[in-house]
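What's counted below: heavy atoms across the whole structure, side chains too, no hydrogens, waters or symmetry copies.
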Amino acid sequence: MELVSSEKRLQKLINKATFKHCTSYNDNLNAAELENKIIKFDKPIYVGFAVLDISKTLMYDYHFNVMKKHYGDNIKLMNTDTDSLVYHINTKDFYGNLTNNPNLLDRMDTSDLPKDHPCHIAEQPNHTHSFWQERRKSRSLGIRQDVVKNHMTYNDQKVFVWCRGDGFQ
């Protein structure tokens, strides 16, 4: 609540998004009531929770009903995030597995593969639920980038990642 004696100040308060009500006492005195400026986020945001929950369900479905079902003991889930799964797969020909098993290929976005590749599909109809193969990126946290670029091999980086104490040894 703010007591206002200036017409210009009253107009500024009325134009604010938090303006609630104005009471006029006389020509020179008005009381402008504003809503609280501070928004208190003390309740869960249900939409965000639902989206993450649906995402988790889709990821579990893909892992257990597609990948684990196809590869059995030859697959190991190495790392997971909200929207990604990192696998170690023991197979002679991953792309051969994709071409021979439509259930695997249907869930993969292979549009970034070369056009003459047997697994290349220009555009998946249900792109929102597709997985794709990310290219191997060299990234070693805690080591300067020039050292990684000029002095480390991929095997050095692999040893660093697996032995840094985050549970993967």
Side-chain angles (χ1 to χ4, degrees), residues 16-19 34-169:
K16 285 189 171 195
T18 57
F19 177 76
L34 302 173
E35 290 180 359
N36 197 0
K37 289 182 184 178
I38 299 170
I39 299 171
K40 190 174 178 183
F41 286 110
D42 61 349
K43 294 182 176 48
I45 300 173
Y46 296 106
V47 174
F49 175 77
V51 167
L52 289 174
D53 206 36
I54 291 168
S55 171
K56 183 170 63 171
T57 304
L58 290 171
M59 300 295 278
Y60 281 140
D61 175 62
Y62 180 75
H63 174 67
F64 288 107
N65 296 330
V66 176
M67 298 300 283
K68 198 74 170 155
K69 187 176 181 182
H70 180 76
Y71 288 105
D73 291 335
N74 292 322
I75 190 168
K76 185 175 180 183
L77 184 60
M78 304 304 289
N79 192 11
T80 167
D81 196 1
T82 306
D83 62 350
S84 61
L85 300 168
V86 178
Y87 287 113
H88 178 86
I89 302 172
N90 290 323
T91 182
K92 291 184 189 274
D93 184 12
F94 176 71
Y95 292 115
N97 295 342
L98 288 180
T99 42
N100 295 331
N101 189 338
N103 192 31
L104 287 176
L105 190 57
D106 288 346
R107 300 231 191 161
M108 297 290 284
D109 176 11
T110 57
S111 60
D112 65 338
L113 292 174
K115 294 191 187 313
D116 59 343
H117 196 283
C119 293
H120 175 78
I121 297 175
E123 190 174 315
Q124 292 285 46
N126 191 5
H127 186 73
T128 56
H129 297 115
S130 297
F131 292 89
W132 62 88
Q133 176 187 3
E134 290 188 11
R135 302 292 177 231
R136 185 182 316 185
K137 296 177 184 170
S138 298
R139 200 175 89 176
S140 297
L141 299 175
I143 299 177
R144 288 192 343 234
Q145 197 60 39
D146 65 314
V147 173
V148 173
K149 184 178 178 184
N150 299 322
H151 304 289
M152 288 182 76
T153 66
Y154 176 70
N155 285 334
D156 293 335
Q157 293 177 41
K158 193 164 71 172
V159 168
F160 174 77
V161 169
W162 295 118
C163 297
R164 67 180 177 194
D166 58 1
F168 298 113
Q169 295 182 357

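Each of D93, T99, T91 was compared with Y95 under the side chain to side chain contact (heavy atoms under 4.5 Å, CB included) criterion, and only D93 meets it.
In this structure, S55 contributes its side chain and V51 its backbone to no donor-acceptor pair below 3.5 Å. Formation of a donor-acceptor pair under 3.5 Å by the N100 side chain with backbone atoms of G96 is found in this model.
Applying the side chain to side chain donor-acceptor pair (under 3.5 Å) rule to D61 yields the partners N65, R107; only residues at least two apart in sequence or on another chain are considered.
Summarising the local packing, CG of N90 is surrounded by more than 12 heavy atoms from other residues, nucleotides or ligands at distances under 6.0 Å. With a 6.0 Å radius and a threshold of 12 heavy atoms from other residues, nucleotides or ligands, K68 has its NZ atom above the threshold. For Y60, the OH atom sits in a loose shell: 12 or fewer heavy atoms of surrounding residues, nucleotides or ligands are nearer than 6.0 Å.
Rounding to the nearest 0.5 angstrom, the gap separating the CE atom in M59 from the OG1 atom in T80 is 5.0 Å. The distance from the NZ atom of K16 to the CG atom of L34 is 6.5 Å, given to the nearest 0.5 Å. Rounded to the nearest 0.5 Å, atoms NE2 (H70) and CG (L98) are 8.0 Å apart.
Residues Y87 and H63 approach most closely at OH-ND1, 3.0 Å, considering heavy atoms. Of all non-hydrogen atoms in I89 and M67, the two that sit nearest each other are CD1-CE, 3.8 Å.
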